[in-house]
Amino acid sequence: MSGLPGYVFVGAVLFGLGLVGFLSRRNLIVVFLSTEVMFQGVLLNAVGFGRHHGEPDGQVFGLFVLIVAAVEAALALGVVVLLFRRKGTLDAEAWKELRG
Amino acid sequence: MNTAWYCLLYGTLAVGAAGLYALLPGSAGGSRRGGAILLLASLAGLLALGARGLGWAGGRDGYFGALGVLAVVAAVRVITHRKPVYSALYFVVVVLAVAAMIVLAEGPFLAAALVIIYAGAILVTYLFVIMLAQSEAAQEYDVKAREPLAAVLIGFLLVGCVASLLTESPAPLVTGDARPAGRLSPDSPGLTDSDNVRQIGSPLMIRYVVALEVGGVLLLVAIVGGVWVAGRRVPEATAGSPAAPAGRIGREVAPF
């Protein structure tokens, strides 16, 4: 069970949970926390496939996932603070005029 | 695998999805205790199905199953908790569980980097922003989710498709550990593998060196962009916006 299917399945469940949170929560901070949960699922997939093929490349991909996650967190949280300063609320619905 | 297997698999996942729907804040007619019971039952069922369909090989699988359950339960709490601070703290649990699973997959260096960068750096950034922007009282947008039923359905379909593909017989995904000319040692317990840094480092510096440099440039751009974004003064909230009393930083108090 701790072979590749286990890793892919747990990764898929984490990704699905993050997706549900991203789509349904309205607090901007929780929305971005949900994307981080999705990152964890992707990371498990990369590592699991790397181990399945016996190569360390999956873990190298994991390092790149970490880089992108750090960049995303820094910029997204900066934008969240900016949005909060404009409207005084963290509600994503406050920006629904962006739907067009 | 036959039809009964798929019925069991989708049924178990559907029970979990129902539990998740009941747990999401503000969904109609949801009882939190019932949702938690449904979710735990579904997880137990998935464990049993996994042990049955993928084989159970003793200690390592036991650790993996426990860590997987921990990660999934903590992830559910991340997306269902009504207070963002607790969401962030439960996310630390997700990170620790995933790091332990990576150790099981012979990647102790990546696991340590994950704990240091995620639980140490990114989570602190989140906590700073929560302290900066979150108000004390529970807000309406925290206790009422937006279209929880559609979101849970989408997640259920995604996970169901992946799970049924994993157990589909023609695909070679489930045929044990295929290790063609592998460089990772097959039976190393992971933690004692002192060569892990070298295993990661040499492809990182040879085959992926361009990607590594691009990653460095990306981090630099993010630093510059972050400073520019955070240092801006914003205009007053426009009249008629649904603004609660706004934050003071950036209006009366300079950001820096």
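This one's a predicted model, so the numbers in the text were calculated from it and none came from an experiment. Only this structure's heavy atoms are used, side chains among them; waters, hydrogens and symmetry mates stay out. So you know, we letter chains A, B, ... as the sequences are listed, proteins then strands, and number each from 1.
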Under 4.5 Å from any heavy atom of chain B - which part of [X]:
| X | value |
| --- | --- |
| A:Leu75 | side chain |
| A:Leu44 | side chain |
| A:Leu28 | neither |
| A:Leu17 | both |
| A:Phe9 | both |
| A:Val37 | both |
| A:Val81 | side chain |
| A:Leu90 | both |
| A:Ala69 | both |

Side chain, backbone, both or neither of [X] within contact of chain A (heavy atoms, under 4.5 Å):
| X | value |
| --- | --- |
| B:Ala121 | neither |
| B:Val95 | both |
| B:Tyr63 | neither |
| B:Val162 | side chain |
| B:Leu149 | neither |
| B:Leu153 | neither |
| B:Phe128 | neither |

Heavy-atom pairs under 4.5 Å with chain B are the metric here; pick the option from [options] that has the most.
| options | result |
| --- | --- |
| A:Ile67, A:Val68, A:Asp91, A:Val13 | A:Asp91 |
| A:Val65, A:Ile29, A:Val79 | A:Ile29 |
| A:Val10, A:Leu66, A:Val30 | A:Leu66 |

How many angstroms lie between atom [atom1] of [X] and atom [atom2] of [Y], to the nearest 0.5 angstrom?
| X | Y | atom1 | atom2 | result |
| --- | --- | --- | --- | --- |
| A:Asp57 | B:Arg207 | CG | CZ | 4.5 Å |
| A:Gln59 | B:Phe109 | CD | CZ | 10.0 Å |
| A:Asn27 | B:Arg146 | CG | CZ | 11.0 Å |
| B:Asp142 | A:Arg25 | CG | CZ | 6.0 Å |
| B:Met101 | A:Leu43 | CE | CG | 10.0 Å |
| A:Tyr7 | B:Phe64 | OH | CZ | 5.0 Å |

Check [X] against [Y] and note the closest heavy-atom contact, atom names and distance.
| X | Y | value |
| --- | --- | --- |
| A:Val47 | B:Ala105 | CG1-CB, 3.6 Å |
| A:Leu14 | B:Ala71 | CD2-O, 3.9 Å |
| B:Pro203 | A:Val60 | CG-CG2, 4.1 Å |
| A:Ser34 | B:Ile79 | OG-CG2, 3.9 Å |
| A:Leu23 | B:Ala151 | CB-CB, 3.8 Å |

Does atom [atom1] of [X] have more than 12 heavy-atom neighbours from other groups under 6.0 Å away?
| X | atom1 | result |
| --- | --- | --- |
| A:Phe22 | CZ | no |
| B:Glu147 | CD | no |
| A:Phe64 | CZ | yes |

**Q.** Any B:Leu212 side-chain heavy atom under 4.5 Å of A:Leu63 side chain
**A.** no

For chain A, find which of [options] contributes the most heavy-atom pairs closer than 4.5 angstrom.
| options | result |
| --- | --- |
| B:Pro84, B:Gly216, B:Ala150 | B:Pro84 |
| B:Gly68, B:Gly50, B:Ala133 | B:Ala133 |
| B:Val69, B:Ile154, B:Thr125, B:Ile200 | B:Ile200 |
| B:Ile117, B:Val94, B:Val72 | B:Val72 |
| B:Val221, B:Leu157, B:Leu218, B:Val214 | B:Leu218 |
| B:Ala74, B:Ala222, B:Ala99, B:Cys161 | B:Ala222 |

Q. Is a side-chain donor or acceptor of A:Arg51 paired with a backbone partner of B:Glu106 at a separation under 3.5 angstrom?
A. no

Q: Would you confirm whether the ring centroid of B:Tyr126 sits within less than 6.0 angstrom of the ring centroid of A:Phe32?
A: no

Q: Identify, with sequence neighbours excluded, every residue that meets side-chain contact (heavy atoms from CB on, under 4.5 Å) alongside A:Leu82.
A: A:Arg85, B:Val229, B:Arg232, B:Val234

Q.
Applying side-chain contact (heavy atoms from CB on, under 4.5 Å) to B:Phe91 and A:Glu36, what does each step give before you reach the verdict?
A. CA-CA 8 Å; B:Phe91 181 67; A:Glu36 306 286 345; 3.3 Å; yes

